[in-house]
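A note on names: the letters A, B, ... follow the listed sequences, proteins ahead of strands, and every chain is numbered from 1. Computed from a predicted structure; not experimentally measured.
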Number of protein chains: 2
Amino acid sequence: METLRERKKQRTRDALLRTALELFTTQGYEQTTVDDIAGAVDVSQRTFFRYFAGKEEAALALQDITVEHFLEAVRERPPHEAPMEALRQAVLEGWDTLNEVVEAVVPIALYLRMYRVIESTPVLLAAHLRRSAEIEEAIAGILAEREGVDVDADPRPRLAVAVFGGVMRLTERQWSTGEDFSLDAMRALAVSHLEQVGPALSESWRTR
Amino acid sequence: METLRERKKQRTRDALLRTALELFTTQGYEQTTVDDIAGAVDVSQRTFFRYFAGKEEAALALQDITVEHFLEAVRERPPHEAPMEALRQAVLEGWDTLNEVVEAVVPIALYLRMYRVIESTPVLLAAHLRRSAEIEEAIAGILAEREGVDVDADPRPRLAVAVFGGVMRLTERQWSTGEDFSLDAMRALAVSHLEQVGPALSESWRTR
DNA sequence: AGGCTAATGACAGCCGCTGACAATTGACAA
DNA sequence: TTGTCAATTGTCAGCGGCTGTCATTAGCCT
């Protein structure tokens with residue numbers, strides 16, 4: 001970030017991203033044209049596509065940041081924790097420190113609003129789910145290394161991550177359709193779900 | 001399917017679908033233009049869009065059929081089965097009878113090949129995952145009714161389905177990247193995964 | 001100051017998709 | 001059978017996302 005050129009590039013990218021998210025969260029994703037965004041930043045449409053591979057990438061750019069943050073949290077979990085517990089702690093601790101990470105780019109409120117837009121826009125939700133699948137693969141790798149097993153020979157890393165991921169996506173969905181759009185609400189939901197996932201699997205639900 | 005008109009419509013739709021899948025599986029989804037499909041069936045591009053909401057819908061049309069088949073299998077499970085066991089039996093039994101359902105529309109081999117195209121085409125995989133999320137919601141409803149609980153008050157139906165869905169998606173992915181593209185291979189994978197999901201969650205993986 | 005290179009703009013064009021209107025074709029009754 | 005009505009299709013125009021190409025601008029470096 002030394003030269004003027006680099007600073008200028010960064011400012012353009014930031015402006016494009018912020019403007020895009022602002023428009024997406026106010027008028028909606030589909031209703032926002034790339035020309036709208038580029039126009040608002042006073043830049044040609046072509047330039048937008050030089051910074052973002054597509055509209056989608058701009059809409060999901062923040063997710064990249066938080067995902068990386070979460071992956072880091074998983075890697076830093078102490079090795080003695082059981083796999084599922086490590087994942088659990090990683091998300092909880094990741095959310096604790098999410099604020100600073102996100103605020104470095106955009107206001108956290110914008111991030112939360114955008115989250116809801118993603119969840120309620122079919123094409124964005126689809127892209128988000130696909131990315132989640134990729135992330136699960138990465139986490140499986142981390143878990144396997146932690147536990148000293150082979151990801152391809154032992155199905156347990158991918159299975160554990162698949163289950164955890166399923167629960168987390170359910171949490172996201174419930175949170176985005178609920179009334180409390182705070183991080184605390186999301187955390188509470190996640191904790192509750194992770195507590196109840198065991199009972200939901202084995203027991204007969206009618207005998208209690 | 002009485003009048004000539006209706007038969008003609010059906011034939012056009014079938015031709016479009018078959019041609020689309022044939023092209024998708026041979027030259028790839030992205031490389032296939034709607035004009036290609038319409039042209040091969042000797043129909044205007046506009047007509048294609050009157051039968052399918054988009055390219056995507058044609059590519060995923062077979063999934064609709066099999067999903068409906070699977071939902072039916074879940075609904076017909078005896079009420080005494082535990083929730084997860086009912087889901088397990090439903091998929092296994094659903095696959096047993098999948099052949100007839102699919103062959104009524106296209107050769108089963110084409111269905112299997114298309115499955116791999118979906119799994120390896122980012123935009124199709126994304127759409128597929130989003131649909132899977134919707135299906136999970138439907139299954140949660142069925143499960144809740146079976147067990148006599150309220151879907152919105154009791155998190156267990158959605159949790160169980162989220163876990164089951166996570167495992168099934170992992171199964172799909174493994175199957176599509178493996179070497180054996182038969183239904184039997186998929187069934188074997190699913191059984192194996194469902195057996196091992198319990199151990200993967202609770203135990204410490206290093207103590208055995 | 002002047003040459004070099006990176007960033008941008010302008011333009012043309014492909015593809016997916018939609019609305020509107022006209023032309024065609026099957027359905028059905030007189 | 002024929003004429004009317006309605007459904008199906010084709011044609012055309014146009015929008016939005018996205019890409020390649022080439023000229024222009026603007027920062028960098030000697």
Side-chain angles (χ1 to χ4, degrees), chain A residues 1-17 19-21 23-24 26-61 117-118 121-128 130-131, chain B residues 1-17 19-21 23-24 26-61 117-118 121-128 130-131:
Chain A
M1 212 62 55
E2 258 317 292
T3 75
L4 168 61
R5 220 182 226 159
E6 278 167 329
R7 267 178 285 131
K8 226 171 170 179
K9 259 178 77 174
Q10 190 60 44
R11 266 195 292 123
T12 306
R13 206 198 120 95
D14 285 358
L16 282 172
L17 181 56
T19 306
L21 297 182
L23 290 175
F24 292 161
T26 50
Q27 14 173 300
Y29 177 76
E30 314 270 17
Q31 286 67 44
T32 304
T33 268
V34 173
D35 282 327
D36 290 344
I37 304 168
V41 182
D42 206 60
V43 144
S44 76
Q45 191 214 47
R46 196 64 182 83
T47 293
F48 174 91
F49 286 110
R50 289 203 175 94
Y51 283 96
F52 300 96
K55 237 174 95 174
E56 238 180 58
E57 192 179 291
L60 299 176
V117 173
I118 293 171
T121 306
V123 56
L124 285 184
L125 178 57
H128 174 64
R130 183 172 57 77
R131 287 169 167 230
Chain B
M1 213 61 57
E2 258 317 291
T3 74
L4 167 60
R5 221 178 225 164
E6 278 168 327
R7 268 178 284 131
K8 225 171 171 179
K9 260 178 74 174
Q10 190 60 44
R11 264 195 293 124
T12 306
R13 206 197 119 95
D14 285 358
L16 282 172
L17 181 56
T19 306
L21 297 182
L23 290 174
F24 292 160
T26 50
Q27 12 174 301
Y29 177 75
E30 314 270 16
Q31 287 67 43
T32 303
T33 268
V34 173
D35 281 328
D36 289 345
I37 305 166
V41 182
D42 206 61
V43 144
S44 77
Q45 190 213 47
R46 197 63 181 87
T47 293
F48 174 91
F49 287 111
R50 289 201 175 94
Y51 283 95
F52 300 97
K55 236 173 97 173
E56 238 180 59
E57 192 179 292
L60 299 177
V117 173
I118 293 171
T121 305
V123 55
L124 285 185
L125 178 57
H128 175 64
R130 184 172 57 76
R131 286 170 168 229

- Any A:Lys9 side-chain N or O less than 4.0 Å from OP1/OP2 of C:dA7: yes
- Item | Residues which pass side chain to side chain donor-acceptor pair (under 3.5 Å) with B:Ser44, listed by chain and number, not counting sequence neighbours | B:Thr47
- Are OP1 or OP2 of C:dT8 and a side-chain N or O of A:Ser44 less than 4.0 angstrom apart? no
- Calculate the interatomic distance between B:Gln45 atom CD and C:dC15 atom P; express it in whole Å. 10 Å
- Item | Intermediate values then yes/no, side chain to side chain contact (heavy atoms under 4.5 Å, CB included), A:Phe24 and A:Ile37 | CA-CA 10 Å; A:Phe24 292 161; A:Ile37 304 168; 3.9 Å; yes
- Note on the structure: To the nearest angstrom, the CZ-P distance between B:Arg11 and D:dT8 comes to 14 Å
- Message: Let's go through A:Gln45 and A:Thr33 carefully: what are the C-alpha distance in whole Å and the side-chain angles of both, what is the deciding distance for side chain to side chain contact (heavy atoms under 4.5 Å, CB included) to 0.1 Å, and is it a yes or a no?
- Response: CA-CA 10 Å; A:Gln45 191 214 47; A:Thr33 268; over 6 Å; no
- Note on the structure: residues 52-61 of chain B vs side-chain hydrogen bond (donor to acceptor under 3.5 Å, both in side chains), sequence neighbours excluded, gives none
- Query: Can you check whether B:Tyr51 has a side-chain N or O nearer than 4.0 Å to OP1 or OP2 of D:dT9?
  - Reply: yes
- Message: Under 3.5 Å, is there any donor-acceptor pair linking the side chain of A:Arg50 to the base of D:dT19?
- Response: no
- Query: Whole-Å distance between C:dG16 P and B:Gln31 CD?
  - Reply: 11 Å
- When you get a sec, tell me which of D:dT19, D:dG27, D:dG10 is the closest nucleotide to the side chain of B:Val43? D:dG10
- D:dG27 phosphate, OP1 or OP2: any side-chain N/O from A:Lys8 under 4.0 angstrom? yes
- Between atom CZ in A:Phe49 and atom P in C:dG13, what is the gap in whole Å? 19 Å
- Query: Considering only side-chain heavy atoms of A:Arg5, which listed nucleotide, D:dA26, D:dG10, C:dG26, is closest?
  - Reply: D:dA26
- Message: Rounding to an integer number of Å, can you tell me how far A:Leu23 CG sits from D:dG17 P?
- Response: 12 Å
- Item | Test item: B:Thr121 side-chain N/O and B:Ile118 main-chain N/O as donor-acceptor pair under 3.5 Å | no
- Query: So does A:Thr33 get a side-chain nitrogen or oxygen closer than 4.0 Å to the phosphate oxygens (OP1/OP2) of D:dG17?
  - Reply: yes
- Rounded to the Å, how far apart are B:Arg46 CZ and C:dT24 C1'? 17 Å
- D:dG10 phosphate, OP1 or OP2, under 4.0 Å from B:Thr47 side-chain N/O: yes
- Whole angstrom value for the distance that separates C1' of D:dC18 from CD1 of A:Ile37: 13 Å
- Query: Rounding to a whole Å, what distance do you find between B:Arg13:CZ and D:dT8:C1'?
  - Reply: 16 Å
